[in-house]
Amino acid sequence: MPELAEVEYVRRRWNPGLGHPVATVRLHPRAGVFKTTDPALLAKHLPGARLDSSEAAAKQMLFRLTAADRARTPLWLGIHLGMTGELTVRPAGLPDEKRDHLILDQPAARQSLVFSDFRMFGRIQFHAGPDAPAWWTEIAPAVTSPAFTLEAVSTFLRRRARAPLKAVLLMQEQFPGIGNWMADEILWRAALHPARRCGDLSPVEVKKLHAETVWVAREALRLIGAADTPEWPDPPKTWLFQHRWEDGGLCPRTKQPLERATIGGRTTCWSPARQKLS
DNA sequence: TCCTATGTTGTATG
DNA sequence: ACATACAACATAGG
């Protein structure tokens, strides 16, 4: 159930595979996961390829490999985790499990890299060739990058003046990697009600929204994305995150009750004492 | 049984 | 054409 920081955490699960060749590939192409990719391409190019590096952008991961062919073709393996996708490393020689979709066997390193996803909202993308594929290059600039400007946010909100803030924070073309919990966290910190219309914000409020988006993303990447624990850690008790699902949960700042409702099509949690509608 | 779930997308409507 | 809303996807667990 990953957003940008959890995706960064999960990306690093396959680090033990870096620098090692993939001897064999086990594919279980099920419709959803391979919706945009022909599994035959993976079967053709991946055997013998070496895993060179990986990176994450938004909720997408990229694994770069070099094919074993004469041209040393660069390979681009993209994985999106959807709601329930996982990456793991297993000891070599274990049988496939029911929810596995892609297994990269690295017998020389006595291990296999596994992508599994029981709910199958995840996606595998693949490209062979020197140039980065569109599914990678067209991801919007990170909210932690200089390209994520106040001006861009302001323009985006004006364009969607009648939509609720919560819905717009989930739009990946401007807020790549932000998901349900981060959107709520950002709005809570910015003291903005999730149902506020984007066009109604004052310049000061837009500035606050922009700044808190950057802050939450940075902190989440530091606390969760860079963690070296067997499971990804949750943010501290001072964040809304820890209280949003509690029955009778209290706002960590005001100590007043939190509220929950569906806004922008998703369950949303906010602190009425600090996030007002008008 | 019914409802929910940290995601995306196709389709309908305005 | 563009913005907005929502069902659909597939599965498990409360």
Side-chain angles (χ1 to χ4, degrees), chain A residues 1-11 28-37 56-61 78-87 97-101 115-125 134-136 138-140 143 155-189 194-200 213 216-217 219-221 223-225 227 231-236 239-247 249 258 260-270:
Chain A
M1 303 169 271
E3 303 179 20
L4 89 181
E6 293 89 358
V7 169
E8 171 61 12
Y9 173 91
V10 171
R11 175 188 70 81
H28 300 284
R30 298 226 254 160
V33 175
F34 280 90
K35 193 177 189 171
T36 55
T37 303
K59 299 172 193 172
Q60 176 83 34
M61 295 174 288
I79 298 180
H80 192 299
L81 297 168
M83 291 277 269
T84 53
E86 295 182 339
L87 298 190
E97 290 178 19
K98 191 180 177 91
R99 313 303 182 187
D100 297 347
H101 302 293
F115 166 55
S116 50
D117 179 13
F118 71 82
R119 219 167 139 188
M120 297 197 287
F121 288 170
R123 288 278 184 283
I124 289 182
Q125 313 260 33
W135 52 258
W136 182 250
E138 285 174 3
I139 296 171
V143 300
T155 303
F156 194 80
L157 295 186
R158 236 179 291 127
R159 192 91 173 254
R160 294 174 176 70
R162 301 188 55 79
L165 275 176
K166 174 61 184 280
V168 168
L169 271 174
L170 296 174
M171 294 181 178
Q172 300 298 294
E173 67 263 40
Q174 179 61 38
F175 300 96
I178 303 300
N180 205 29
W181 81 255
M182 291 184 82
D184 284 358
E185 198 75 42
I186 290 162
L187 292 169
W188 174 73
R189 289 194 58 94
R196 286 279 299 279
R197 303 288 137 174
C198 291
D200 296 343
T213 301
V216 168
E219 281 297 287
L221 282 167
L223 297 169
I224 300 169
E231 304 283 333
W232 72 58
D234 287 340
W239 291 38
L240 176 66
F241 181 96
Q242 294 270 354
H243 311 274
R244 52 186 281 117
W245 295 125
E246 288 172 359
D247 269 334
L258 296 168
R260 279 199 295 268
T262 299
I263 300 176
R266 306 293 299 279
T267 299
T268 299
C269 177
W270 73 96

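Order of the sequence lines sets the chain letters (A, B, ...), proteins ahead of strands, with each chain counted from 1.
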Visitor: Heavy atoms only: give me the nearest A:Ala183-A:Leu170 pair and the separation to one decimal.
Guide: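 The answer is CB-CD2, 4.1 Å.
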Visitor: Parallel, tilted or perpendicular, judged at 30° and 60°: which one describes the rings of A:Trp181 and A:Trp239?
Guide: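 Answer is tilted, since the angle falls between 30° and 60°.
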Visitor: Please examine the side chains of A:Leu169 and A:Thr213, heavy atoms only from C-beta on, and report whether any two atoms are closer than 4.5 Å.
Guide: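 Yes, at least one pair of side-chain atoms sits under 4.5 Å.
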Visitor: Are A:Arg123 and A:Trp135 close enough that some pair of their side-chain heavy atoms sits under 4.5 Å apart?
Guide: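 Not in contact.
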Visitor: What is the distance, rounded to the nearest whole Å, between atom CZ of A:Arg160 and atom C1' of C:dA3?
Guide: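 Distance, rounded to whole Å: 7 Å.
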Visitor: Which dot-bracket string fits DNA chain B when only Watson-Crick or G-U wobble pairs with both atom distances under 3.5 Å count, crossing pairs get [ ], and | stands for a partner on a different strand?
Guide: .||||.||||||||
Visitor: Is A:Ala161 touching bases, backbone alone, or none of the nucleic acid, heavy atoms closer than 4.0 Å?
Guide: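 Sugar-phosphate: the residue A:Ala161, judged by heavy atoms under 4.0 Å, touches backbone atoms but no base.
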Visitor: Would you mind telling me which of B:dT6, C:dA10, C:dA12 lies closest to the side-chain atoms of A:Trp232?
Guide: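 Ranking B:dT6, C:dA10, C:dA12 by closest atom to the A:Trp232 side chain puts B:dT6 first.
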Visitor: I need a per-nucleotide contact map over nucleotides 8-14 of chain B, read 5' to 3'. Cutoff is protein heavy atoms under 4.0 Å; write B for the base, S for backbone only, - otherwise.
Guide: S------
Visitor: Is A:Arg159 close enough to C:dA3 that one of its side-chain N or O atoms is under 4.0 Å from OP1 or OP2 there?
Guide: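 The answer is yes; a side-chain N or O of A:Arg159 sits under 4.0 Å from OP1 or OP2.
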Visitor: Would you indicate what A:Pro164 reaches in the nucleic acid, counting non-hydrogen atoms under 4.0 angstrom: base, sugar-phosphate, or nothing?
Guide: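 Sugar-phosphate, no base atom in range.
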Visitor: Which nucleotide in the set C:dA3, B:dT6, C:dT11 lies at the smallest distance from any side-chain heavy atom of A:Asn180?
Guide: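 For the A:Asn180 side chain, the nearest candidate turns out to be B:dT6.
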Visitor: Distance check needed: C:dA3 C1' versus A:Phe156 CZ, whole Å only.
Guide: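 Spelled out: CZ on A:Phe156 to C1' on C:dA3 is 11 Å.
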Visitor: Quick one: A:Glu173 CD to C:dT4 C1', roughly how many Å, whole number?
Guide: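 Rounded to the whole Å, the gap is 12 Å.
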Visitor: How far does the C1' atom of C:dT4 sit from the matching atom of B:dT6, given to the nearest Å?
Guide: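 C:dT4 and B:dT6 have their C1' atoms separated by 23 Å.
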Visitor: Report yes if a side-chain nitrogen or oxygen of A:Arg30 is closer than 4.0 Å to either non-bridging phosphate oxygen (OP1 or OP2) of C:dT11; otherwise report no.
Guide: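 Looking at the OP1 and OP2 atoms of C:dT11, one of them is under 4.0 Å from a side-chain N or O of A:Arg30.
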Visitor: Looking at C:dT4, B:dT6, C:dT11, which one has an atom nearest to any side-chain atom of A:Met120?
Guide: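 Of C:dT4, B:dT6, C:dT11, C:dT11 is nearest to the side chain of A:Met120.
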Visitor: Less than 4.5 Å apart, side chain to side chain, heavy atoms only: is that true for A:Phe118 and A:Glu86?
Guide: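 Side-chain contact under 4.5 Å: no.
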Visitor: Taking the same atom, P, in B:dT11 and in C:dA10, what whole-Å distance lies between them?
Guide: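 15 Å, rounded to whole Å.
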Visitor: Measure CD1/A:Ile263 against C1'/C:dT4 and give the value in whole Å, please.
Guide: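 Computing the A:Ile263:CD1 to C:dT4:C1' distance gives 16 Å.
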Visitor: Roughly, in whole Å, what's the span from CH2 in A:Trp181 to P in B:dG7?
Guide: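 It is 11 Å, rounded to the nearest whole Å.
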Visitor: Is there a side-chain contact between A:Asp100 and A:Ser116 in this structure, where contact means two heavy atoms from C-beta onward sitting under 4.5 Å apart?
Guide: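 In short, these two side chains touch, coming nearer than 4.5 Å.
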Visitor: Just so I know, are the side chains of A:Met171 and A:Phe156 near enough to count as touching, which here means a heavy-atom distance under 4.5 Å?
Guide: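 A side-chain contact under 4.5 Å exists here.
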Visitor: Is any side-chain heavy atom of A:Val168 closer than 4.5 Å to a side-chain heavy atom of A:Phe175?
Guide: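 They are in side-chain contact.
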Visitor: If I take atom CE in residue A:Met182 and atom P in nucleotide B:dG7, what distance separates them, rounded to the nearest angstrom?
Guide: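 Answer to the nearest Å: 11 Å.
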Visitor: So, is A:Thr84 near the phosphate of C:dA12, with a side-chain N or O under 4.0 Å from OP1 or OP2?
Guide: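 No, no such contact exists.
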Visitor: Find the distance A:Arg197:CZ to C:dA3:C1' and express it as a whole number of Å.
Guide: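 After rounding, the gap between these two atoms is 12 Å.
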Visitor: Drop me the distance from A:Asp184's CG to A:Met182's CE, to the nearest 0.5 angstrom.
Guide: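 Answer rounded to 0.5 Å: 11.5 Å.
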Visitor: By the salt bridge (Lys or Arg N to Asp or Glu O under 4.0 Å) test, which pairs, at least two apart or in different chains, include something from residues 155-165 of chain A?
Guide: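 Only A:Arg160-A:Glu173 qualify under salt bridge (Lys or Arg N to Asp or Glu O under 4.0 Å).
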Visitor: Rounded to the Å, how far apart are A:Arg158 CZ and C:dA3 P?
Guide: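 So the two atoms are 13 Å apart, to the nearest Å.
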Visitor: If we take the P atom in both C:dA12 and B:dT9, what is their distance in whole Å?
Guide: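 Approximately 24 Å lies between the P atom of C:dA12 and that of B:dT9.
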